[in-house]
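Working notes, beginning with the structure itself.
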Amino acid sequence: MSSASPGAKPFNILFLCTGNSARSILAEALMNAENPARFRGYSAGSFPKGEVHPLALDLLRREGLPLDGLRSKSWEEFSAPGAPQMDFIFTVCDNAANEPCPIWPGHPMTAHWGLPDPAAVEGEETMRRLAFAETLRALRNRIRIFASLPLQSLDAMSLRNRLAEIGRQ
């Protein structure tokens, strides 16, 4: 894992989902807003939809979160030569967690932080927007807990346990 001391490169975190249109995109934007000197968030999907869900973009815009560079992309981009090496990989949907993943360079630490898919909610627009807001709230809580961990002082087993615990909250 990389160091997060002053002047050091930030930790690279990849959020994975199946479609890479909602949950993983929200997590990427949140991570990049949390502490850009310490963390760099990315997102990808096993079967990307090819576009970011409009309600995800609208929510991020209303929350004042960064939209630059957000796009639906394949996880293969991050296992290819020359891709940024990840320090952490978090699956945010159950489907992606159960799929055979690529072999990640550097053997990053992984955890499952599954959440219901807000894009799957049907019905009134108010209910759909509420589902996206709830997903953003849950991801924000998990990311803030993660960002507060003393990453350099935890041994690998303790860190792995803490990451899994965050996903169960």
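None of the values given here were measured: they were computed from a predicted structure.
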Linking I/L/V/M/F/W/Y whenever any side-chain heavy atoms sit under 4.5 Å apart, do [X] and [Y] land together?
X: Leu57; Y: Val121; value: no
X: Leu130; Y: Leu60; value: no
X: Leu115; Y: Met127; value: no

### Mutual orientation of the aromatic rings belonging to Phe88 and Phe146 [parallel < 30°, tilted 30-60°, perpendicular > 60°]
perpendicular
### Message
Using 30° and 60° as the class boundaries, would you call the ring planes of Phe90 and Phe15 parallel, tilted or perpendicular?
### Response
tilted
Heavy-atom side-chain proximity of [X] to [Y] below 4.5 angstrom:
X: Arg129; Y: Leu59; result: no
X: Leu65; Y: Arg140; result: yes
X: Lys9; Y: Gln85; result: no
X: Thr110; Y: Thr91; result: no

Given 3.5 Å as the limit, does a donor-acceptor pair link the side chain of [X] with the main chain of [Y], or not?
X: Asn12; Y: Asp87; value: no
X: Arg142; Y: Ala27; value: no
X: Thr18; Y: Ser46; value: no
X: Ser24; Y: Val92; value: no

### Query
Is there a side-chain contact (heavy atoms from CB on, under 4.5 Å) between Glu77 and Tyr42 once you walk through the steps?
CA-CA 11 Å; Glu77 282 189 31; Tyr42 299 89; over 6 Å; no
### Spatial distance of atom CG (Leu67) from atom CD1 (Ile25) [nearest 0.5 Å]
10.0 Å
### Task
Can you measure from CG (Asn20) to CH2 (Trp75) and round to the nearest 0.5 angstrom?
11.5 Å
Could you tell me whether [X] atom [atom1] has more than 12 heavy atoms of other residues or ligands within 6.0 Å of it?
X: Gln169; atom1: CD; result: yes
X: Lys49; atom1: NZ; result: no
X: Glu76; atom1: CD; result: no

## Note on the structure
Only residue of Pro118, Pro116, Ser43 satisfying side-chain contact (heavy atoms from CB on, under 4.5 Å) with Arg23 is Pro118
#### Entry: salt_bridge(Arg168, Glu165) N-O dist < 4.0 Å
no
### Message
Could you walk me through whether Ile13 and Ile143 satisfy the side-chain contact (heavy atoms from CB on, under 4.5 Å) test, starting with their C-alpha distance in whole Å, then the side-chain angles of each, then the deciding distance to 0.1 Å, before giving a yes or no?
### Response
CA-CA 11 Å; Ile13 297 105; Ile143 287 169; over 6 Å; no
